[in-house]
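Lettering of chains follows the sequences in order, A, B, ..., and the numbering in each one begins at 1.
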Protein chains: 2
Amino acid sequence: MNVHSFIFVPEMRTRDENKEAAIREKAMKMIVDEGFDGLSMQKLAKAANVSPATIYIYYKNREDLLNQLFNHVQQTFYDVALAGFDPLLSFEEGLWIQWKNRLKFILKYPIHFQFYEQFRNSPCINHTDVQISTFKESMKLFVMNAIKKGEMKKMEPEIFWSVAYGTLYSMVKFHLQEIKMMGNDFKLTDAKMKIAFEMVIKALKP
Amino acid sequence: MNVHSFIFVPEMRTRDENKEAAIREKAMKMIVDEGFDGLSMQKLAKAANVSPATIYIYYKNREDLLNQLFNHVQQTFYDVALAGFDPLLSFEEGLWIQWKNRLKFILKYPIHFQFYEQFRNSPCINHTDVQISTFKESMKLFVMNAIKKGEMKKMEPEIFWSVAYGTLYSMVKFHLQEIKMMGNDFKLTDAKMKIAFEMVIKALKP
DNA sequence: TTTGTAAATGAATGTTCATTCATTTATATT
DNA sequence: AATATAAATGAATGAACATTCATTTACAAA
């Protein structure tokens, strides 16, 4: 027994990081394609090319897997959403960056987004909310400043969120074809974003 | 064998309508409380106080049960949403009636609404769309008229829908606590509806 | 009261599920 | 090369799953 035994134990087989990622991605794909009941541990193991038992090395159980997936996606989302954003920006510029960032995330990780939305709308959420503070605090500060500076009407945060982002998320869902309105598709372009954004700004101004 | 045999066969045990309703309501409750994977036919049978086999008298299988539930809720929704509505109404008045009707439905049938939303956001929808035409045609006519009369900016239907209803549905979800923003609750009162509605009208006007 | 019919049932079936465990494998250090 | 350790595994387990079926039950007409 060497001196490192209690600090760092190096004599071991190393983890295959690819396996972890494969499990994560396949799990989200299965949930998006087939729903929560479509995700079984054995089907997931087969899809990710691992043994069922391997999944239980990375995740305590099925529920833990789902929660860790959710937290992973949430963290990625926060990172993308905060890029280039500063709560001291002007209201219009700041909100536009938010819209663009959110769309960027959705187009880059459509599976992650759809998994996230499905999870959020599902009943059995374990609101872990560990790392969230930074993001939420930043957003709160941004809105408070906008009101103080007279760039936005004073209103409850839920009403603000609904006007500012409810509109955006609705368009995104049309874009991802979760909801088909008429026969034809709706493609969310930059131009359409701008049109809707101008309307939202008009609505929020004092 | 009597003369009625081929037209009306009355010598039979009558159906218990209560059972059908019990199955329907309990099924939606289970899905809203525990998600789609929380609905098992045996648990449902126990909750509705019937035999598992009885469910299969009313519904071909699990999938058929879900689809029939969805269609049932959709029909109820359309009935409520169209009450007092006329596509020839002024834009502002017509849209306000829509908002009030939709909220009325949601407050009267919160379980139905939450089931409906969960179903719409789930991947495996069999878009049956049988009786929908009347409702959708009425809505389309209403929006076309509003544009023609210059009460509303010309825009794609999906953008209109997102601004007009995306906002409302977002507030409703806050109200039903599907999404908790801060610690405290958000109660969607008539006054708050009116505030948001005025903002939306401002956004949509030319 | 008897009778024909469909409603309603409880037990049974075969399948799929999440999870576990005894064993094997790969690797970083010695 | 030897070793210690955790990674990785395939087969196994028992529970829960959707669905079926041989019976029984209730009802409306005769």
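Contact annotation: T54(A) reaches the phosphate of dT9(D) (side-chain N/O to OP1 or OP2, under 4.0 Å).
Ring-plane geometry between F174(A) and W161(B) is classed as perpendicular, the angle between the planes exceeding 60 degrees on a 0 to 90 degree scale with a lower cut at 30. By the 30° and 60° cut-offs, the orientation of the rings of F160(B) relative to Y165(B) is perpendicular.
Two end axes, each from the C1' atoms of five base pairs, can be drawn for the helix from dT1(C)-dA30(D) to dT30(C)-dA1(D); they diverge by 10°, to 10 degrees.
One can place CD1 of I57(B) at 16 Å from P of dT24(D), the figure rounded to the nearest angstrom. Rounded to whole Å, atom C1' of dT9(C) lies 14 Å from atom NZ of K46(B). In this entry the distance linking CG of L44(B) with P of dA16(D) reads 17 Å, nearest Å. In this structure, the CG atom of L66(B) is 10 Å from the P atom of dT19(D), given to the nearest Å.
Residues N145(A) and P87(A) approach most closely at ND2-O, 3.6 Å, considering heavy atoms. Smallest separation of non-hydrogen atoms from G84(B) and L89(B): O-CD2, 4.1 Å.
No side-chain heavy atom of K46(B) sits less than 4.5 Å from a side-chain heavy atom of K43(B). Residues T76(B) and F113(B) form no side-chain contact, since every pair of their non-hydrogen atoms from C-beta on lies 4.5 Å or further apart.
Under the side-chain contact (heavy atoms from CB on, under 4.5 Å) criterion, A48(B) pairs with A22(B), I23(B), K26(B), V50(B), not counting sequence neighbours. For K192(A), the salt bridge (charged side-chain N to carboxylate O under 4.0 Å, His left out) test picks out E156(B), with sequence neighbours left out.
Using a 4.0 Å cutoff on non-hydrogen atoms, no part of residues 19-32 of chain A comes near DNA chain C.
Residues in residues 85-96 of chain B take part in no side chain to side chain donor-acceptor pair (under 3.5 Å) pair, two or more places apart or across chains.
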- Task: Produce a footprint string for nucleotides 17-25 of chain C: one letter per nucleotide, 5' end first; B if the base is under 4.0 Å from any protein heavy atom, S if only the sugar-phosphate is, - if neither.
- Result: BBBBB---B
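Using a 4.0 Å heavy-atom cutoff across all strands shown, Y59(A) reaches no nucleic acid atom at all.
Taking CE of M199(B) as the start and OG1 of T167(B) as the end, the distance is 8.0 Å to the nearest 0.5 Å.
With a 6.0 Å radius and a threshold of 12 heavy atoms from other residues, nucleotides or ligands, Y109(B) has its OH atom at or below the threshold.
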